[in-house]
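Letters A, B, ... are given to chains in the order of the sequence lines, protein chains preceding strands, and every chain is numbered from 1.
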Amino acid sequence: MQLTLWTYEGPPHIGAMRIATAMRGLHYVLHAPQGDTYADLLFTMIERRDQRPPVTYTTFQARDLGSDTAELFKSAARDAYDRFQPQAMLVGASCTAELIQDDPGGLAKALNLPIPVIPLELPAYQRKENWGASETFYQLVRALCTPHAPAPGTVRAPRERGKRPSCNLLGPTGLGFRHRDDIKEISGLIISMGIDINVVAPYGATPADVARLGEADFNVVLYPETASQAASWLQRTFAQPFTKIIPIGVGATREFIAEVAALAGVDAAPVLGDPRSRSTWYAKSVDSTYLTGKRVFVFGDATHAVAAARIAAKEMGFKVVGIGTYSREFARDIREAAKLYDVEPLISDDYLEVEARIAELQPELVLGTQMERHIAKRLGVPCAVISAPVHVQDFPARYAPQMGFEGANVIFDTWVHPLMMGLEEHLLGMFREDFEFHDDAGSSHLSHLGASKEKTETKPQQQSAVSATNTPNSPPIGVVDVVATVTATARSDNNLAGTPTAANGPWVAVWDADAEKELGKIPFFVRGKARRNTERFAQERAVAPITVETLYDAKAHFGR
Amino acid sequence: MSAVLESGCADTKVIPILKERGQREVFCGLTGIIWLHRKIQDAFFLVVGSRTCAHLIQSAAGVMIFAEPRFATAIIDERDLAGLADANDELDHVVRRLLERRPDIKLLFLVGSCPSEVIKLDLSRAAQRLSSQFNPGVRVLNYSGSGIETTFTQGEDACLASLVPTLPAAQVEAAPSLMIVGTLADVVEDQWTRLFTEMGIHNVSYFPPRRSTELPSIGANTRYLLAQPFLADTARVLEERGAQRLPAPFPLGVEGTTAWLKAAADMFGVSAEKFDAVTMPKRERAMRALQHQRPQLEGKRIFFFPDSQLEIPIARFLSRELGMQLTEVGTPFLHKQHLAEEMAMMPAGIQISEGQHVENQIDRCRAVKPDLVVCGLGLANPLEAEGMTTKWAIELVFTPIQGYDQAADLAELFARPLNRRMRLVA
């Protein structure tokens, strides 16, 4: 049993719904208790879909458990076929129905429906949403494409002379992070290379389209979380190679173009320099100097997190101080990326663990999911969202891809927006005591920070009171809090603590009043770092108390 | 998936009740945690269930409103199912961890779910065991919010019913007291407390209370008024403890609120003059406020999909006080006894449906072409896309709508989508 407050991923049948809802002409009959229909609102509210997901639920209740839930499933499947006339049907069980073991696959088979019926085995007590999406897409592709598969071992015939190369785009689903716009961006790019798009799946495809996947020369995997399993099967079965590079960021987009060009046998050069690409120049322009070395923490699904870290380090000039994912299936990708940035990878779907890591690292920008947005808001750190799980805000009315050159433009804007602009940051640094630029004023476009300052930097006496009563109902305290509390405690226990040595327990920082005051003159968004560095410096040298001179000694030592 | 026609008898008119079975597009009882945890501020709700349960609550709550909420899910995994781990030990461990983290919690509900019911995890024994372990600091209770047993607001019913046995017993010779039953916004409770005080009824309590340490006492001299129409089990256990229900319509709209207050006033011997003197200014003010909404709503045809069991009292209010025309009024469950007064006030010529076959009901809704459709969030945008105007039903349980000063707010919830449709010309 795992204690869970918030989840990054739903159960695996939600993943199956993301496939079914993305497609047309497909229906999913789900053996599920009353209440599981809540999942419809994810699509109709978050994604603002104008149609109900193509899902029929049996919605059994306690009284049905005593009678015949299997019959209920059969009649639901039969009615769904009659009413919706789908080209193909997915059948499966949600977590509760899995326990009653009615075998939806066998029951549906017994109905002898005149369409392909694909049974899904999605173990709800082991697996999660992305795995469910991947497995569903794979089972669907396998079931619909197998009738068209060449005999095993058949060598793929070379493309006819004069025929344009073609590919499929695999992976975009319902409730995907900007999938709608990524499809448009990457389709446009590929078509401009003289390559045809055979099928985009599952997004917008019918089962008949999926059955034609084998006709393309190669596959473009946009989202490995949902498509790599199906793409591997297509490679084995149809000898279709697939792309490995995810075109998020300018560098990755260029590499992706080269990879696609090689697979298609076309020239990459004409599309490598897209006149719409501005992010590279924007990052070089002098006003972006203030972005240099900003400490960022990256968290999301593995694909988006790895891509974001690369952009952060190579295209924005940030410093990646942490990277993580909630997706255990893709932990290896994150571990490899973490090595590049010499940071500790965080593989966890425990929201509290992610929060603790962010608090500990004190980044200046968080690139995460909607969960991290909430964490960052609480800690008073700017944040941009880079990955699912999605929120209604992740479906903007405007065109806002993440992939390709336009995607890189969108990312540049999205990440820079929450940060303090360069000049503003300098002015804040110079005029700490200015009556309009004081700490609590925050910046003009981050007005909520003013309020959160109150919470995170109250007077030491109040801090002690809070920590003494240890009110757990109050929001978990911010980093600055922790330090301030430690300081306050140390001060009040000065006689006992004396000069800290290794012998009398954990080292406690002691600041003298002038040093504390000087620290207050440092802009709040770097103050946490200054405090931490100074205390580390003092600890390493057993300096107590910390004076103004210690502060500047530490500053000189660490530099910036 | 059958449909049965039955009739609800109300004096001379006969209102047909269509009973349907099929896909039910409703929430399960776990959803009630979203408002219950805000009401009882030292309570924590621990769902013992699956990832689906956790995902449901998070999705229904509008995703992450509260940074560290007072609800969570102990997610059952395959080790628990395979018997590799003793589910009871695991649960004890989770609870211990939780209570260490949240020492402010005084009342912990273990909330049963579909999977915990199906694997027959005995949460009542677990609650007893944990209660004795954490006594006296924390009381541990259990109820089921599972979809196989509860529909949406029935989760609150199950929660309150589990709390009733813990109410302290009133003295045998205690003066008669009034208990208002059902979760209400604090503002509504405060308004009513003022009204009761003005009428001279002082011994009034609210259940559930705002803190678990303030449980009202109960006994043979307790009279209770239901503030919500979905509290069948709670009412039954209250009566087992000697309390008597004051039959009344529900306090929605001016008329409903007046009749509801009058039931208490009559019981406590408040004279008609006194009652009118206290309530008349409020009634007049509420009616003035309603007049602002009436032009938007009068004559408009409304269709209800089943959701919270509030449908019938709300339909009665919209019909009688705002002149709306009822087409079909769907409700997940119709408690004939508790709704007797409401049914007597319903106009003739409407269709009431109980239970649901969502596909058939959507077909009927399309055929009726109502001006306004009240439905769940899964249906609203698709119906809007078909050209219908909809009102989210869930807002009706998340908004203070009871009592005089909220009557116009309730009407406005229905007027707003119509108003909006008129404004949006593009």
* Asked: Does the side-chain contact (heavy atoms from CB on, under 4.5 Å) test come out yes or no for A:Gln2 and B:Val94, once each step is laid out?
  -> CA-CA 7 Å; A:Gln2 191 200 352; B:Val94 165; over 6 Å; no

* To do: Give a yes or no answer on whether the side chain of A:Thr44 reaches the backbone of B:Leu379 with a donor-acceptor pair at less than 3.5 Å.
  => no

* Asked: Does B:Gln58 use its side chain to pair, donor to acceptor, with the backbone of A:Thr7 at less than 3.5 Å?
  -> yes

* To do: Could you please spell out the steps behind the side-chain contact (heavy atoms from CB on, under 4.5 Å) verdict for A:Leu5 and B:Thr73?
  => CA-CA 6 Å; A:Leu5 299 178; B:Thr73 308; over 6 Å; no

* To do: Check B:Glu149 against A:Ala62 and note the closest heavy-atom contact, atom names and distance.
  => CG-CB, 4.2 Å

* Asked: Can you tell me how far NE2 of A:His13 sits from NE2 of B:His55, rounded to the nearest 0.5 angstrom?
  -> 8.5 Å

* Asked: Short question: side chain of A:Gln51, backbone of B:Pro382 - any donor-acceptor pair under 3.5 Å?
  -> no

* Structure fact -> Looking only at A:Cys95, A:Ala39, A:Ser94, the option with the highest number of non-hydrogen pairs under 4.5 Å against chain B is A:Cys95

* To do: List the steps, then state whether side-chain contact (heavy atoms from CB on, under 4.5 Å) holds for A:Arg52 with B:Glu25.
  => CA-CA 11 Å; A:Arg52 294 165 62 210; B:Glu25 187 84 14; 4.2 Å; yes

* With a 3.5 Å cut-off and no angle check, do the side chains of A:Thr37 and B:Gln23 form a donor-acceptor pair? -> no

* **Whether over 12 other heavy atoms sit under 6.0 Å from B:Trp35 CH2** => yes

* Asked: Using non-hydrogen atoms only, which part of A:Leu42 is less than 4.5 Å away from chain B: side chain, backbone, both, or neither?
  -> side chain

* Can you measure from SG (B:Cys53) to OH (A:Tyr38) and round to the nearest 0.5 angstrom? => 8.5 Å

* Atom pair CD1 (B:Ile148) and OG1 (A:Thr96), whose distance is rounded to the nearest 0.5 Å -> 7.0 Å

* **Closest heavy-atom pair and its distance - B:Thr52, A:Pro11** => OG1-CG, 3.2 Å

* Asked: For A:Met1, does its backbone N or O pair with a side-chain atom of B:Asp80 as donor and acceptor, under 3.5 Å?
  -> yes

* Structure fact -> From the list A:Glu98, A:Arg63, A:Arg83, the residue making the most non-hydrogen contacts under 4.5 Å with chain B is A:Arg83

* To do: Pick one of side chain, backbone, both or neither for A:Phe84, based on which atoms fall under 4.5 Å of a heavy atom in chain B.
  => side chain

* To do: Against chain B, work out which of A:Ile100, A:Asp40, A:Asp64, A:Asp50 has the most heavy-atom pairs shorter than 4.5 Å and name it.
  => A:Asp50

* Part of A:Leu65 lying under 4.5 Å from any heavy atom of chain B -> side chain

* Structure fact -> Interatomic distance, SG@B:Cys28 vs CG@A:Asp36, rounded to 0.5 Å, equals 7.5 Å

* Asked: In terms of heavy-atom pairs under 4.5 Å with chain A, which of B:Leu56, B:Ile76, B:Val118 leads?
  -> B:Leu56

* Structure fact -> Most heavy-atom pairs under 4.5 Å with chain B, out of A:Gly10, A:Pro12, A:Ala97, belong to A:Gly10

* Asked: Is it the case that more than 12 heavy atoms not belonging to A:Gln126 sit under 6.0 Å from its CD atom?
  -> yes

* To do: Please lay out, stage by stage, how B:Val358 and A:Thr59 fare under the test side-chain contact (heavy atoms from CB on, under 4.5 Å).
  => CA-CA 11 Å; B:Val358 71; A:Thr59 59; over 6 Å; no

